[in-house]
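Scope of the values below: all heavy atoms of this structure, side chains included, with no hydrogens, waters or symmetry mates.
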Amino acid sequence: MAQVEKRGGLLRKSSASKKPLKEKVVLMYDEIFMTEDPSKCSPRFWEELFLMKVNLEYLEGKLESLDGEELMKIKDNINCLFQHCIQALGEEHPIRVVNALQTLCALIRGVHQKNKSTSGFDIINMLMGFDKAELCMKNLMESLDSLLCAEGSESLKSLCLKLLLCLVTVTDNISQNTILEYVMINSIFEAILQILSHPPSRREHGYDAVVLLALLVNYRKYESVNPYIVKLSIVDDEATLNGMGLVIAQALSEYNRQYKDKEEEHQSGFFSALTNMVGSMFIADAHEKISVQTNEAILLALYEAVHLNRNFITVLAQSHPEMGLVTTPVSPAPTTPATPLGTTPPSSDVISSVELPLDADVQTSNLLITFLKYSSIVMQDTKDEHRLHSGKLCLIILTCIAEDQYANAFLHDDNMNFRVNLHRMPMRHRKKAADKNLPCRPLVCAVLDLMVEFIVTHMMKEFPMDLYVRCIQVVHKLLCYQKKCRVRLHYTWRELWSALINLLKFLMSNETVLLAKHNIFTLALMIVNLFNMFITYGDTFLPTPSSYDELYYEIIRMHQSFDNLYSMVLRLSTNAGQWKEAASKVTHALVNIRAIINHFNPKIESYAAVNHISQLSEEQVSHYPPQSDSNSWWLGSSSCSLFDSRGIL
């Protein structure tokens with residue numbers, strides 16, 4: 001018996017004696033692409049069409065093969081097909097509805113692909129006609145809203161969301177997608193919230209719903225009033241917000257898990273064995289091979305939620321078991337068009353803490369911890385533009401969190417201690433920290449660790465100035481909260497001070513190269529002002545008096561770096577160049593630091609010379625001053641008498 005092979009819409013028999021046959025649905029598509037109305041000869045044409053399985057590849061390919069003039073000739077038939085698709089969405093027969101949804105996806109994609117250079121108004125005219133566009137889109141959005149809110153087939157709901165995502169993402173710039181004006185007028189916001197607040201729906205469709213909402217919020221957000229922005233900003237339903245948070249947490253956890261799996265696979269492979277023999281000379285190059293596709297869509301959703309809705313801040317701290325340790329059943333996904341944005345949704349969604357029983361052996365986590373782990377992976381490699389933008393978005397989200405009073409309250413809460421295993425970039429001069437040795441600390445410590453890690457690991461030729469500025473801003477906002485609320489955080493501040501000083505050294509040693517691209521004095525001023533904040537207000541937030549000793553020791557130990565910085569900015573501030581004003585600001589900000597150096601350094605050098613000590617230890621410097629000078633050694637809260645606050649922002 002001759003075998004039947006389906007390819008390109010043909011039913012081709014292996015026997016060469018018979019002519020290849022086309023599928024019936026392909027023949028019907030061909031009739032649509034004629035200039036005449038296909039229903040003239042066949043009154044039941046449209047009814048029969050939606051009973052046929054859609055051939056997406058053929059329909060989109062046919063649209064793409066036509067030139068502009070040919071497409072305009074069949075405009076009436078395309079309008080008719082679009083309208084009949086919308087009518088079919090109201091049918092009771094689910095097969096008709098499924099085929100209509102898939103046909104709409106193919107039509108929207110095909111027409112947009114063919115008309116990329118034309119305006120949005122021309123595309124609207126091509127799909128449905130100007131005169132009927134408003135009514136068509138109203139009927140379409142109402143039908144989709146009904147299908148999403150009904151207690152019907154989950155596959156239908158999935159296809160509805162895929163169609164909406166297709167509609168939103170057909171243009172490279174979402175704000176140029178004119179057809180979305182109708183989506184703004186005929187809102188589906190409530191339907192999206194219903195999906196997120198209902199656990200079974202969230203399991204199946206939460207990812208698509210969150211991504212769709214994030215995209216709709218960004219439509220002309222700075223040009224006109226976007227109803228989705230207004231509505232998202234006032235959502236206060238706990239179930240809805242928690243549902244959104246769980247979807248985002250699951251997607252980020254999936255990324256973290258995939259990265260960890262690849263990292264373990266990489267470390268246990270042949271290269272790991274080779275490295276053990278020849279050393280870690282190529283460890284940085286090897287690390288670049290560990291790559292998992294980032295998820296900017298879900299990151300954008302997190303940003304919009306944190307930025308627009310203050311109630312969402314509470315979701316960041318909602319505790320749940322570590323998602324990577326919990327498995328949930330995977331539901332089969334319906335056949336749908338390709339996922340937009342090049343992102344892949346997680347295999348399953350965590351519904352609620354009720355479905356995840358707490359276990360003494362399971363590490364407790366929350367959305368913020370998951371996000372910090374994700375950020376620590378993404379921000380490791382910013383050499384390519386894609387990851388650079390992803391890292392920037394992570395820092396913007398952290399800035400929003402650091403600015404929020406409630407977020408700072410739980411970040412600094414001593415009663416909320418977590419063990420956060422951040423990913424650290426492999427470097428030749430340090431060993432990888434063991435996960436078991438991680439202490440439980442307030443979450444702000446993990447944020448500071450992440451910022452220090454970024455500062456230390458990105459001093460490179462392609463200097464990410466914007467990311468460094470945002471990183472220092474996050475640290476500054478956290479310190480402002482600690483100063484304001486007098487929070488004495490037990491943190492290894494020396495690591496931050498050392499990282500900041502090394503960054504200053506990098507800026508100075510690469511002055512010529514960096515000044516050709518960036519205003520490095522903006523960043524230098526921010527760093528110096530952080531030190532000024534520690535010097536002048538440290539008594540309100542540093543944990544112990546010995547912390548002040550450590551701060552002054554670091555400043556005196558690295559005095560040469562600050563002297564070099566002063567020489568550089570003084571040179572540029574006295575010349576009539578473009579950097580005169582920016583350099584002058586740094587010169588004035590260095591008053592505090594230079595006062596400390598000029599006060600103590602000569603005394604310490606004299607003490608070393610008198611006692612014939614070539615190099616003083618930290619302990620000797622800390623206990624150096626004789627009795628007569630002990631009052632000036634510990635400045636503490638009275639430091640303002642010697643050091644003014646002119647360098648403080």
[X] bridged to [Y] by N-O distance under 4.0 Å:
X      : Y      : value
Lys53  : Glu23  : no
Lys73  : Glu70  : no
Glu142 : Lys138 : yes

Discussion item. Under 3.5 Å, is there a donor on one side chain and an acceptor on the other for Asn218 and Glu304?
Written reply: yes

Discussion item. Do Lys260 and Asn256 pair up side chain to side chain, a donor and an acceptor below 3.5 Å, judged on atom types alone?
Written reply: no

Taking all non-hydrogen atoms of both residues into account, name the closest pair between [X] and [Y] and its distance.
X      : Y      : value
Met379 : His458 : O-NE2, 2.6 Å
Asn295 : Ala251 : ND2-CB, 4.4 Å
Pro94  : Leu156 : O-CD2, 4.4 Å
Pro38  : Trp46  : CG-CZ2, 4.0 Å
His423 : Ser376 : N-OG, 3.0 Å

Fill in: Tyr29 and Tyr58 aromatic ring geometry - parallel, tilted or perpendicular at 30°/60° bounds
parallel

Worksheet item: Roughly how far, to the nearest 0.5 Å, is CG of Leu193 from CG of Asp237?
Response: 8.0 Å

